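Step one of this worksheet: look at the structure below.
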Amino acid sequence: MNYWLMKSEPDVFSIDHLAALPGKKSSWEGVRNYQARNFMKQMQIGDQAFFYHSSADVIGIAGIVRITGLAEPDLFALDKKSDYHDPKATKDKNPWVSVTVTLVRKFKKVITLAELRETKGLEKMLVLQRGMRLSVHPVTEKEFKIVSEMAK
DNA sequence: GCCAACGTTGGC
DNA sequence: GCCAACGTTGGC
């Protein structure tokens, strides 16, 4: 069982959008970075991930989701009308994948980046590292537990 | 809107 | 394969 952090711009897709969907379930598409994609391929059913709001009024971790569907081809890459279209992707050679996530818990209050920075034990958390832009990346079990406790 | 820190592209 | 130019991410 592994833990992850997944970034989304809440203007595009927020934790409230997810909560409003049938089954509180959605595919997670549009990742167009190979390193992030490789992490998505490693995800297993039951893994948990932080839902992170980036480029927002309140930046930080908004809640927890569970991986309920393994990586499969991200068909938005083939859709010319999609913002996620990749002109180099074809049906036979589509490098991009999406996974399915289901909401576990929305935090009462977003745990902000500033709060994360002030918390002991999270010093090495990847999202806090300088220049860290990966939209999908791993979180340690220890970090996952500390942040989960903060949200109680 | 600025800009640091990356990732990608393309000429050579 | 190198690397300059360009594009993107994302905090501030």
Side-chain angles (χ1 to χ4, degrees), chain A residues 2-21 26-43 47-67 69-101 103-140 142-151:
Chain A
N2 289 303
Y3 301 96
W4 311 94
L5 182 145
M6 302 172 86
K7 297 182 188 172
S8 181
E9 296 189 21
D11 289 347
V12 179
F13 187 71
S14 72
I15 199 161
D16 288 324
H17 289 127
L18 177 61
L21 291 173
S26 174
S27 65
W28 195 279
E29 65 267 348
V31 171
R32 296 292 175 265
N33 170 285
Y34 285 98
Q35 250 184 297
R37 178 209 65 178
N38 291 342
F39 286 132
M40 288 175 87
K41 284 185 168 183
Q42 289 173 31
M43 289 179 176
D47 282 0
Q48 295 188 83
F50 288 134
F51 193 127
Y52 181 90
H53 283 175
S54 63
S55 300
D57 289 342
V58 183
I59 293 163
I61 296 172
I64 295 170
V65 298
R66 190 180 298 280
I67 306 304
L70 295 175
E72 56 187 350
D74 180 351
L75 300 179
F76 287 88
L78 308 176
D79 180 356
K80 287 200 176 83
K81 281 172 277 181
S82 169
D83 286 343
Y84 301 136
H85 179 239
D86 176 2
K88 282 185 292 190
T90 64
K91 195 161 168 263
D92 293 329
K93 249 194 156 182
N94 179 0
W96 306 117
V97 300
S98 64
V99 295
T100 305
V101 301
L103 183 64
V104 171
R105 177 154 83 101
K106 178 192 165 184
F107 294 162
K108 283 178 193 143
K109 190 179 140 299
V110 172
I111 298 177
T112 66
L113 240 200
E115 285 165 345
L116 294 172
R117 288 192 196 287
E118 287 166 6
T119 303
K120 250 192 144 186
L122 299 183
E123 293 83 2
K124 293 195 176 152
M125 203 172 173
L126 286 175
V127 77
L128 304 181
Q129 305 309 308
R130 198 177 142 83
M132 181 60 204
R133 303 189 309 174
L134 267 187
S135 62
V136 176
H137 63 249
V139 170
T140 68
K142 189 178 131 205
E143 289 160 355
F144 191 87
K145 282 183 175 159
I146 291 172
V147 176
S148 299
E149 281 298 314
M150 289 168 73

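All chains are named by letter (A, B, ...) in the order of the sequence lines, taking the proteins before the strands, and each is independently numbered beginning at 1. Worth saying up front: this structure is predicted, and the values here are computed from it rather than measured.
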Protein-nucleotides 10-12 of chain C N/O pairs closer than 3.5 Å?
{"unit_1": "C:dG10", "atom_1": "OP1", "unit_2": "A:Lys7", "atom_2": "NZ", "d": "3.0"}
{"unit_1": "C:dG10", "atom_1": "OP1", "unit_2": "A:Arg133", "atom_2": "O", "d": "2.7"}
{"unit_1": "C:dG11", "atom_1": "OP1", "unit_2": "A:Tyr52", "atom_2": "OH", "d": "2.7"}
{"unit_1": "C:dG11", "atom_1": "OP2", "unit_2": "A:Ser55", "atom_2": "N", "d": "3.0"}

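With rounding to whole Å, A:Asp11 atom CG is found 14 Å from C:dT9 atom P. Taking atom OH of A:Tyr34 as the reference point, atom C1' of B:dC6 lies 16 Å away to the nearest angstrom.
A:Phe51 and A:Trp4 have their aromatic ring centers separated by at least 6.0 angstrom.
Ring orientation note: the planes of A:Tyr34 and A:Trp96 are tilted relative to one another, at an angle of 30° to 60°.
Between the side chains of A:Ser14 and A:His17, at least one donor-acceptor pair of N or O atoms lies under 3.5 Å.
Close to B:dT9, at under 4.0 Å from its OP1 or OP2, lies a side-chain N or O of A:Lys88.
For the pair A:Phe39 and A:Leu5, the minimum side-chain heavy-atom distance is 4.5 Å or more.
Partners of A:Phe144 by ring-ring contact (aromatic ring centres under 6.0 Å, His included), not counting sequence neighbours, listed by chain and number: A:Tyr3, A:Phe50.
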